[in-house]
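Below: one structure, written as structure tokens.
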Amino acid sequence: MSVTLATGVQPALEELWRGAWKEVGSKRGGEALLETIGDGLASEDVLRAAVAASALWIFDDGALKGLALCRAQLIEGVYVVHHARRQGVGTKLVRALLDGPTPPLDAFALPGDRATKSLFESIGWKARLLTMRGE
């Protein structure tokens with residue numbers, strides 16, 4: 001099992017990315033988060049830009065099971081495939097980021113996403129900002 005920087009875009013990574021993008025987009029606040037992360041780019045372009053910028057970390061133990069997007073010391077997303085959840089994959093991804101040369105200071109979590117909030121709380125982080133928007 002290892003956490004490494006993604007160095008290229010292979011089909012398995014594209015599939016994992018699409019799954020993450022689709023799942024996040026279906027959650028409350030997900031579309032707004034994807035707009036923030038994407039900054040007007042298509043999902044595939046965000047993936048390529050993240051890999052090129054050395055901002056995408058992957059968990060691979062023979063199969064890709066998770067990814068974390070971290071730019072400017074902000075964890076913009078952590079995603080673990082359904083069958084690998086609650087097995088420490090997300091924690092290993094976040095720990096690798098924290099042990100890296102520029103550890104993250106903040107992270108995004110969607111409203112109502114208890115699993116992601118619990119992940120960040122497990123490393124000692126606390127929620128400190130909630131963004132409200134009228135529509």
Side-chain angles (χ1 to χ4, degrees):
M1 292 185 268
S2 67
V3 175
T4 59
L5 271 172
T7 57
V9 179
Q10 288 80 27
L13 180 56
E14 288 177 320
E15 182 179 341
L16 183 65
W17 182 264
R18 279 192 302 271
W21 200 268
K22 181 178 179 183
E23 185 172 323
V24 168
S26 70
K27 293 184 176 186
R28 182 168 52 113
E31 287 184 21
L33 177 59
L34 293 177
E35 286 175 22
T36 298
I37 291 170
D39 196 28
L41 297 175
S43 167
E44 300 81 19
D45 294 330
V46 177
L47 171 60
R48 284 170 180 50
V51 170
S54 297
L56 189 68
W57 293 78
I58 55 172
F59 180 93
D60 188 342
D61 68 353
L64 286 180
K65 293 189 175 174
L67 57 81
L69 176 62
C70 185
R71 299 184 285 191
Q73 294 185 289
L74 171 66
I75 300 174
E76 295 178 304
V78 176
Y79 176 76
V80 177
V81 295
H82 287 278
H83 68 273
R85 292 182 182 170
R86 304 194 54 80
Q87 297 176 19
V89 173
T91 300
K92 286 180 176 90
L93 282 161
V94 172
R95 289 266 176 228
L97 294 171
L98 291 170
D99 292 340
T102 53
L105 302 174
D106 292 303
F108 288 143
L110 291 172
D113 187 349
R114 186 70 244 162
T116 300
K117 291 175 186 173
S118 293
L119 168 63
F120 294 127
E121 288 169 350
S122 76
I123 61 166
W125 287 13
K126 306 235 179 309
R128 64 179 182 87
L129 174 68
L130 176 64
T131 302
M132 307 294 286
R133 178 177 293 164
E135 295 190 72

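By convention here, the first residue in the shown sequence is residue 1.
Contact record, Ile58 with Leu93: C-CD2, 3.8 Å, taken as the closest heavy-atom pair. Taking each heavy atom of Thr91 and Ser122 in turn, the nearest pair found is OG1-OG, 4.5 Å. For Gly25 against Glu31, the heavy-atom pair with the smallest separation is O-CG, 3.7 Å. When all heavy atoms are compared, the tightest approach of Leu13 to Ala6 is CD2-CB, 4.0 Å. The minimum heavy-atom distance linking Arg28 with Gly112 is given by the pair NH2-N, 3.7 Å. The nearest pair of heavy atoms linking Leu16 to Leu64 is CD2-CB, 4.0 Å.
Taking CG of Leu34 as the start and CG of Leu41 as the end, the distance is 12.5 Å to the nearest 0.5 Å. Interatomic distance, NZ of Lys65 versus CD of Gln87, reported as 6.0 Å (0.5 Å rounding). Within the model, atoms CG of Asp60 and CG of Leu67 stand 11.5 Å from one another, a figure rounded to the nearest 0.5 Å.
At least one donor-acceptor pair closer than 3.5 Å links the side chain of Trp17 to the backbone N or O of Ser43. Side-chain N or O atoms of Arg71 include none that pairs as donor or acceptor with a backbone N or O of Ala50 at under 3.5 Å. Side chain of Glu76 to main chain of Cys70: no donor-acceptor pair is present (N/O by atom type, distance under 3.5 Å, no hydrogens or angles).
Taken together through direct or relayed side-chain contacts under 4.5 Å among Ile, Leu, Val, Met, Phe, Trp and Tyr, Val3 and Leu5 form part of one hydrophobic cluster. Transitive grouping of hydrophobic side chains (ILVMFWY, heavy atoms separated by less than 4.5 Å) keeps Tyr79 and Ile75 in distinct clusters. Both Leu69 and Leu33 are part of a single hydrophobic cluster, where members link through side-chain heavy atoms under 4.5 Å apart. Clustering ILVMFWY residues whenever any of their side-chain heavy atoms sit less than 4.5 angstrom apart, transitively, puts Leu56 in the very cluster that holds Val46. Phe108 and Ile123 fall into different hydrophobic clusters, where Ile, Leu, Val, Met, Phe, Trp and Tyr side chains are chained together by heavy-atom contacts under 4.5 Å.
Around the CG atom of Asp39, the shell of radius 6.0 Å holds no more than 12 heavy atoms that belong to other residues, nucleotides or ligands. Heavy atoms of other residues, nucleotides or ligands lying less than 6.0 angstrom from NZ of Lys27 number more than 12. The environment of Glu14 atom CD is dense: over 12 non-hydrogen atoms of other residues, nucleotides or ligands sit within 6.0 angstrom.
The one candidate from Arg128, Lys126, Arg114 that meets the salt bridge (Lys or Arg N to Asp or Glu O under 4.0 Å) condition with Glu121 is Arg114.
Judged as a ring-ring contact (aromatic ring centres under 6.0 Å, His included), and not counting sequence neighbours, the contacts of Phe120 are Trp125.
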(request) Go through the steps for Leu110 and Val24 under the test side-chain contact (heavy atoms from CB on, under 4.5 Å), then give the verdict. (result) CA-CA 9 Å; Leu110 291 172; Val24 168; 4.1 Å; yes

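Under a 4.0 Å N-O distance rule, the pair Glu44/Arg48 does not qualify as a salt bridge.
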